[in-house]
Amino acid sequence: MKQPVRIAVTGAAGNISYSLLFKIASGELLGKDQPIILQLLEVEDSMERLKGVAMELEDCAFNLLHEISLHSNPNTAFAGAHYAFLIGAKPRGKGMERADLLMANAKIFSEQGKALNNYANPDIKALVVGNPANTNCLILSRNAPDINPNQFSAMTRLDHNRTTGLLANKLAINPEDIDGLCVWGNHSATMYPDIHNAIAYDSHDIIDLVDYAWYQEELIAKIQQRGAEIIQQRGLSSAASAAQAAIDQMRDWILGSDDRLVSMGVMSDGSYGIAEGIYYSFPVVCRFGRYEIIQDISINNFGTDMMKATENELLEEKQLIEHLLPKETEDNYKKVFVQDNDGSNLENFYYRANKI
Ligand code: NAD
Ligand code: LMR
């Protein structure tokens, strides 16, 4: 029997967690042979609600669920954690943009970055779901200087799944028969869903199967506005689909994406000319617990403009929260990039060892 792993979830009494926790406990994340310990974090005012969720988890009698602990302090919630889902944050309401949450949520991620740095397992993988996810991820990572920036990622898998789902419906094929699409940039209204390199059934170019005007004028806008549309319809932001995307992104990251291309918000290393030091959604393949940005995607002029617009938005967001980014971490970042570009993970090990 494998040893249990520790999974921390913040915002554990919220809507997304109400779906996510049961998926994790049933083995959807790590498989049916991996026991888990859940370390759940909430704000003081929601601890009673959290107890109710813990009771329901217990009532499911999940074989894999070894232990549940409830926390209102991030230091204890992240203690020894191997994986963390950072969901706890305010969601937007009708008529808001995700960036409107920046100031309200930024403080949470700066505090939780410090807690991860000091108390989590050094090999932690942390997925940021709380909006605005990309910039929150940057704040989190910069406040955790002893953890490699590559161990953080922002959730853009929901946008990737949405694009796959809508395309599959349009073409009347199964989502699993589509590969090669990706979503670039910010999880916001500027994101760029790119289907130029997508294929169906391993051979057919999807761009030739759909009407280009439909793609450019309808599909892109639909994906960019899908979150807002759901809020309009439901009165609440997406929750079950967000939980599914969180499972998909983290599972692929940990166990591998089976050579399939997926989208992840990861620290830019300058690939495709995107500014270093922001969390930007790139096409990646995951293997052996690491993601690799795919380098040979061809981009047309339309794509270049779209990628630039979403990059500029992220740089503007970064400027707004610059005061929450500890200055001394910038040099550490550069060190990691140089080493990663060489493909040398050994150097990354020295990076961390030297810091300790
Ligand atoms: P929710 O309001 O139902 O739940 C959020 C929970 O977080 C609440 O229970 C709240 O008490 C808790 N919380 C707030 N501050 C906290 C803190 N400092 N520590 C721990 N817990 C804290 O919201 P939700 O629907 O679960 O959404 C959560 C976040 O995820 C929102 O910011 C939402 O916009 C975002 N989201 C992102 C994506 C994505 O694709 N990246 C998709 C859907 C939702
Ligand atoms: C989504 O894309 O559904 C989430 O980011 C929630 C939102 O505010 O749109």
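Just so it is clear, the model here is predicted, and its values are computed rather than measured. Remember, it's 1-based here, ligands and their atoms both numbered in the order they're listed. All residue numbers refer to positions in the sequence shown, counting from 1.
Taking distance alone, with nitrogen or oxygen atoms compared against 3.5 Å, Arg92 approaches ligand 2 more closely than that limit.
Under a 4.0 Å heavy-atom criterion, Ile230 is not in contact with ligand 2. For the pair Ile231 and ligand 2, a heavy-atom separation below 4.0 Å is found. Every heavy atom of Arg234 sits 4.0 Å or more from the atoms of ligand 2.
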Tabulating one pair per line, provide the atom names and distances (0.1 Å) for every N/O atom of ligand 1 that is less than 3.5 Å from a protein N/O atom.
residue, atom, partner, partner atom, Å
ligand 1, 3 (O), Asn15, N, 2.9
ligand 1, 3 (O), Asn15, ND2, 3.1
ligand 1, 9 (O), Glu42, OE2, 2.6
ligand 1, 9 (O), Arg49, NH2, 3.3
ligand 1, 11 (O), Glu42, OE1, 2.7
ligand 1, 11 (O), Ser46, OG, 3.4
ligand 1, 19 (N), Gln112, NE2, 3.4
ligand 1, 21 (N), Gly11, N, 3.4
ligand 1, 26 (O), Asn15, N, 3.4
ligand 1, 26 (O), Ile16, N, 3.1
ligand 1, 32 (O), Lys90, O, 2.9
ligand 1, 32 (O), Asn131, N, 3.0
ligand 1, 34 (O), Asn131, ND2, 2.8
ligand 1, 36 (N), Asn131, ND2, 3.4
ligand 1, 40 (O), His187, NE2, 3.2
ligand 1, 41 (N), Val129, O, 3.2
ligand 1, 41 (N), Met155, O, 3.4

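Here is the list of ligand 2 atoms found below 4.0 Å of a heavy atom in Ser237: 6 (C). Of all atoms in ligand 2, numbered sequentially from 1 with element shown, those under 4.0 Å from a heavy atom of Arg162 are 1 (C), 2 (O), 3 (O). Close approach of ligand 2 to Gly227 (heavy-atom distance below 4.0 Å) involves ligand atoms 1 (C), 2 (O), 3 (O), 9 (O).
In this structure, Ile199 shares a hydrophobic cluster with no other residue, the cluster being traced through Ile, Leu, Val, Met, Phe, Trp and Tyr side chains under 4.5 angstrom apart.
Taking 4.5 Å as the limit, every side-chain heavy atom of Tyr280 sits out of range of all side-chain heavy atoms of Asn186. Between Pro122 and Ile147 the shortest side-chain heavy-atom distance does not fall below 4.5 Å. Side-chain contact between Leu166 and Lys222 is present, with heavy atoms from C-beta onward closer than 4.5 Å.
Note: the hydrophobic cluster containing Leu236 does not contain Ile16 (ILVMFWY, side chain heavy atoms under 4.5 Å, direct or indirect links). Residue Leu324 is grouped with residue Leu116 when hydrophobic side chains (ILVMFWY) are merged at heavy-atom distances under 4.5 angstrom, including chains of intermediate members.
Between the side chains of Ser188 and Glu97, no donor-acceptor pair is found at a separation under 3.5 Å. Side-chain contact, Ser72 with Glu44: a donor N or O sits under 3.5 Å from an acceptor N or O. Residues Asp123 and His82 have side chains that never bring a donor and an acceptor to within less than 3.5 angstrom of each other.
For Asn118 (side chain) and Lys114 (main-chain N/O), a donor-acceptor pair under 3.5 Å exists by modelled atom type.
Between atom 5 (O) of ligand 2 and the options Met191, His187, Glu229, the minimum heavy-atom separation is to His187.
With a 4.0 Å cut-off on non-hydrogen atoms, Asn131 touches ligand 2 through its side chain and not its backbone. Only the side chain of Arg98 comes within 4.0 Å of ligand 2, counting heavy atoms alone; its backbone N, CA, C and O stay farther away. With a heavy-atom cut-off of 4.0 Å, Gln224 does not touch ligand 2 at all.
When the shell of 6.0 Å around CD of Gln216 is examined, it contains more than 12 heavy atoms from other residues, nucleotides or ligands.
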